[in-house]
Amino acid sequence: MTARIGVVTFPGSLDDRDTQRAIRLAGAEPVALWHKDKDLKQVDAVVLCGGFSYGDYLRAGAIARFSPVMEPLIEQAKAGLPVLGICNGFQILTEAHLLPGAMLGNDHLHFVCRDQKLRVENAATSWTGDYSEGQEIHIPLKNMDGRYVADERTLDMLEAEGRVAFRYLDVNPNGSLRDIAGITNEAGNVVGLMPHPEHAVEPLIGSGRTDGLPFFTSILKKLVNA
Amino acid sequence: MARVVVDVMLKPEILDPQGQAVQRALPRLGFEGISDVRQGKRFELEVDGPVDEAALARIHDLAESFLANTVIEDFTVRVEEVAEAAK
Amino acid sequence: MARVVVDVMLKPEILDPQGQAVQRALPRLGFEGISDVRQGKRFELEVDGPVDEAALARIHDLAESFLANTVIEDFTVRVEEVAEAAK
Amino acid sequence: MSRTPLDTVEHAAATPDVELPWAELGLKKDEYERVVEILGRRPTGAELAMYSVMWSEHCSYKSSKVHLRQFGEKAPENDALLVGIGENAGVVDVGQGYAVTFKVESHNHPSYVEPYQGAATGVGGIVRDIIAMGARPVAVVDPLRFGAADHPDTKRVLPGVVAGIGGYGNCLGLPNIGGEVVFDACYQGNPLVNAGAIGVMRHEDIHLAKASGAGNKVILYGARTGGDGIGGASILASETFDDAKPSKRPAVQVGDPFQEKLLIECTLEAFAEKLVVGIQDLGAAGLSCATSELASNGSGGMRVTLDDVPLRDSTLSPEEILMSESQERMCAVVEPDKVDRFLAICDKWDVIATVIGEVTDGDRLEIFWHGEKIVDVDPRTVAHDGPVYERPYARPDWQDALQADDANKLPRPATSEELKDQVLKLVASPNQASKKWITQQYDHFVQGNTVLAQPEDSGMIRIDEESGLGVAIATDGNGRYAKLDPYTGAQLALAEAYRNVATTGAKPLAVSDCLNFGSPEDPAVMWQFAEAVRGLADGCKQLGTPVTGGNVSLYNQTGEAAIHPTPVVAVLGVIDDVARRTPVAFQEEGQLLYLLGDTDEEFGGSAWSQVIHDHLGGLPPKVDLERERLLAEILISASRDGMIDSAHDLSDGGLVQAVVESALLGGVGARLVVPDGLDAFTLLFSESAGRALVAVPRSEELRFTDMCGARGLPATRIGVVDGDTVEVQGEFTLTLEELRRAHEETIPALLA
Ligand SMILES: Nc1ncnc2c1ncn2[C@@H]1O[C@H](COP(=O)(O)OP(=O)(O)O)[C@@H](O)[C@H]1O
Ligand SMILES: [Mg+2]
């Protein structure tokens, strides 16, 4: 038995096929979910993938957050369904208040595409079990609105509770507060990050590294061993 | 038909690189005497029917839940007035 | 210190994909009765010294040459007033 | 609104003496008379609108047609060519049942007026061409040219153009895998914004722009139609037919990449369900072009009800609707029983779709407005029978003097110190400097198939996950070479793009081009154009790579001053297994550096002559296409058989530029030895064509040199990959750190 992992396609989603490929390469079964369906097809976990849902108009993720599929997703995520938000997916998760804080435009005001060095700060979430805490990895980053902000109290809380899951190393590519690249909810089932692990799953392709694959093997192990 | 304007600005404590970029460019353009610039969004909503208390209240809700992200932004709602010093 | 506000909107004949996307989302959020939405920019300039005719004229120039892209945008300049229906 | 009676076909026939503003619409008197002759009466306003846009230079290629014919006449035999010139884009067979379509187009002038939107809509337009062939777009490229790097207007234009290309392409989910950025004062006021796209499909999915099958429905889908880009039609509306002043019409088109992304998805879904008989994107000339081309390429006629076109601006006149260039629209021909399904797919993707007409038995294109017929034409006369000019051309009288001003006579560095200094200047010059500040604003990774992207010699995309089949593309052009000799310059552009593709291990297959020139009314410019086309056509014949399509952009000039003739050439290649691709970066210390090809003293039009002497004169490097072909074969074999670990083609900047780039990318330096028979200066800076730098693992050296020897390609050992400096023995040593600063700080300092 393998795990079924849903990938939601919103209008403007770009990395849905790539994310499905990454899930397949990790050995799980990708399940396409459509934003207009209030139906998660009983998947074991969901990835909200990268892209420009609704053109990123208004604010990145702001319109997608109100898509019908988000209703069951929000409900079940609160009940423990593992959800990973990558880039636009992370933005949607903050807009939906499943994760605290908000994403703003990069401080340098440009789109940035680079192979980014990160440190895994929390290897205990549903999506990071196959990393070790403190591990340094390279994952492609590509976005316009990647600046993570939250008020000081929230930031302190995230730090104190070990909920900063990933931090940028060497270069802070967008002005994110405290170099935050990704965070988790309290329960560790909902994780969001700006870099794109699904673009680092095959040698030769993209960044040419496979540092992103453990996201997908982590969740698979967790689900299969559960 | 009436127009309601919703202005959305980043909260004062949030860094506004766009506003800063504008401000930094001012001296180069020969503009002095502007001590701060902030850039936000302006929405013009054309409302069918009268803009009464109830309609404004609904638009207020809309702004709060959708047009602004109150984690980072403040907003104001007002019925459009003639600009003071129009173009 | 006084505040001058420059509102920059796409010219009416120019496509406003952002405003359209917002408008199309409204019914899904349960908002009816808004027939058009346009999204523009709002700049808040904090001006040192008095905002007299001359100052406004200079800001008008600034808006025309820099804040707005007059190929596709219109703008208005005004001294900030208390909003009618503040938050 | 007070309106004079609608200018119907009937009304036009009854009022032969009414004068239409044909001149304001850009038609010449004889062209207008030709329209009258074709119709046997005066045209209606709507007909005039259609003829005038379709017979414009941009749509009809009236000045360039007589020359472009050579691409067909001289086309080499090539089994891979599935669809040639004349369709929205050419299609090439790349094996395993896959076909690839690609094309380059210009959006030069709009990008000067409004850089962000001009460039963005340029990307949008070329991508729609690709979708219209039935393909899924998989990548974009953007060859760009701007005025002097330190000119204040460049700081306005370039960041806007780059943000626009990124803003649109990134949002569509298309990796940007290549392009060029060139600065030259000749492009001040006439920046060149060319955009290319590649799409992939199965052979059976190829679609063509034709309307056949009487009764089939014509569906317009995508954005609503607004008054974008219809200056001419507004004249028509106001001065002739409408007493009221027309509402303001935007001169600039604004793109909506989100809408285009939806168009891609819903179009591909309709293709997958075999719902589409014919399809055409709406680009320049909008509905005029789409309807007349669809109708004239099909078997029947077409009837269109203009009232059914969804509008963004309800005040538009029928002439304006026909001419509108609103973005993100497509037109499909669909069998009646499949219309519901087609509309359902559009609805699924929130795309507005409307039946606006149908294919008829006849051979006329008829368009109705408020129940009255306002257009009744033979669509072929609109789409294909535009005027053809034999413009006079003549070799300019300054050409001889320019060629006589020999760059090989320029003073050369006298000391090692000076040589070193010039190397640093060269790699830091805006044209040779790293373009990372620009290219990192583009998404390279999206779609998860990018094998190579900037700053590799060519971009490479995997198209089959199982087999590793991939395609590569490179675009090149050198206006300085072309100015010195347009025939040779065009061939050098072709040779360089061809070489770039082969350097990465892919086999060059086919060509697209974007020919950017000044005014065709200037015989000197027309000569440059004619020579460049002749050069390119001859070159393609010799290399066996057919031109599958392209674009001509004329009138790139300010007053009397034309841009350098700038033919930009894109070469598409195929690689059986992307795992065999060869990157630019040095991989491992100890590997041996070989210079392939012959190095002569060739400095005409070179980067060195520009950077050090601000000089343009003499002759460009010689072209030897047989040598290029041999070099390509060696590079491909070496990559396939694992004999080389990195390779970099030599072009502007010469060997030193290539060594520095490979070293910086690999993070490891090189020690060079000047071979017998060459001096250090010529070795480092000459721009002789037909050359590449390769790094050979020691274990492969014999096999590699044997292969080169057996096939007669000069291969000269010039050094070794080593250390953290670039050293030219007996001359100078530069640390990678110094070089990196020189190479990478220029562009941000100028533009950030
Ligand atoms: N505008 C651009 N967009 C994308 N890639 C670019 C652009 N300009 C340059 N590049 C990339 O940068 C690299 C170096 O460019 P260039 O020096 O022109 O290459 P070459 O001389 O080999 O043709 C190439 O990979 C090229 O594709
Ligand atoms: Mg190259």
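A note on names: the letters A, B, ... follow the listed sequences, proteins ahead of strands, and every chain is numbered from 1.
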Exercise. Is atom NZ of D:K436 surrounded by more than 12 heavy atoms (other residues, nucleotides or ligands) closer than 6.0 Å?
Worked result: no
When the 4.5 angstrom heavy-atom criterion is applied to A:E202 and chain D, the contacting part is side chain
Scanning both residues in full, the closest heavy-atom pair of A:F111 with D:D443 reads CE2-N, 3.9 Å
dist A:I205:CD1 -> D:Q447:CD (nearest 0.5 Å) comes out at 12.0 Å
Okay, D:L172 and chain A: the region with an atom under 4.5 Å from a heavy atom over there is backbone
With sequence neighbours left out, the residues meeting salt bridge (Lys or Arg N to Asp or Glu O under 4.0 Å) with D:R640 are none
Taken to the nearest 0.5 Å, the spacing of D:E465 CD from A:R21 CZ works out to 4.0 Å
Within residues 161-171 of chain D, the residues sitting under 4.5 Å from chain A by heavy atom, in sequence order, are D:N170, D:C171
Of the listed A:G51, A:G50, A:G55, the one with the largest count of heavy-atom pairs under 4.5 Å with chain D is A:G55
Discussion item. Any non-hydrogen side-chain atom of D:F445 less than 4.5 Å from a side-chain atom of A:K142?
Written reply: yes
So, the part of D:Q259 with a heavy atom under 4.5 Å from chain A: the answer is neither
Would you say that D:Y442 contacts A:C113 through its side chain, given a criterion of any heavy-atom pair below 4.5 Å between the two side chains?
no
Looking only at heavy atoms, the pair that brings A:Y57 and D:F258 closest together is CE1-CB, 3.7 Å
The interface call for D:K348 against chain A, heavy-atom contacts under 4.5 Å, is both
Taking the basic N atoms (NZ, or NE/NH1/NH2) and the acidic carboxylate oxygens, is any pair closer than 4.0 Å for D:D347 and A:K36? no
Honestly, the part of A:S13 sitting under 4.5 Å from a heavy atom of chain D is backbone
ask   = Below 4.5 Å, heavy atoms only, C-beta onward: do A:L204 and D:R581 meet side chain to side chain?
value = yes
Close side-chain approach of D:T450 and A:H199, heavy atoms under 4.5 Å = no
In this structure, CG of A:L14 is separated from CG of D:L174 (nearest 0.5 Å) by 8.5 Å
d(A:F52 CZ, D:K261 NZ) to nearest 0.5 Å is 11.5 Å
In this structure, NE2 of D:H444 is separated from CG of A:D115 (nearest 0.5 Å) by 11.5 Å
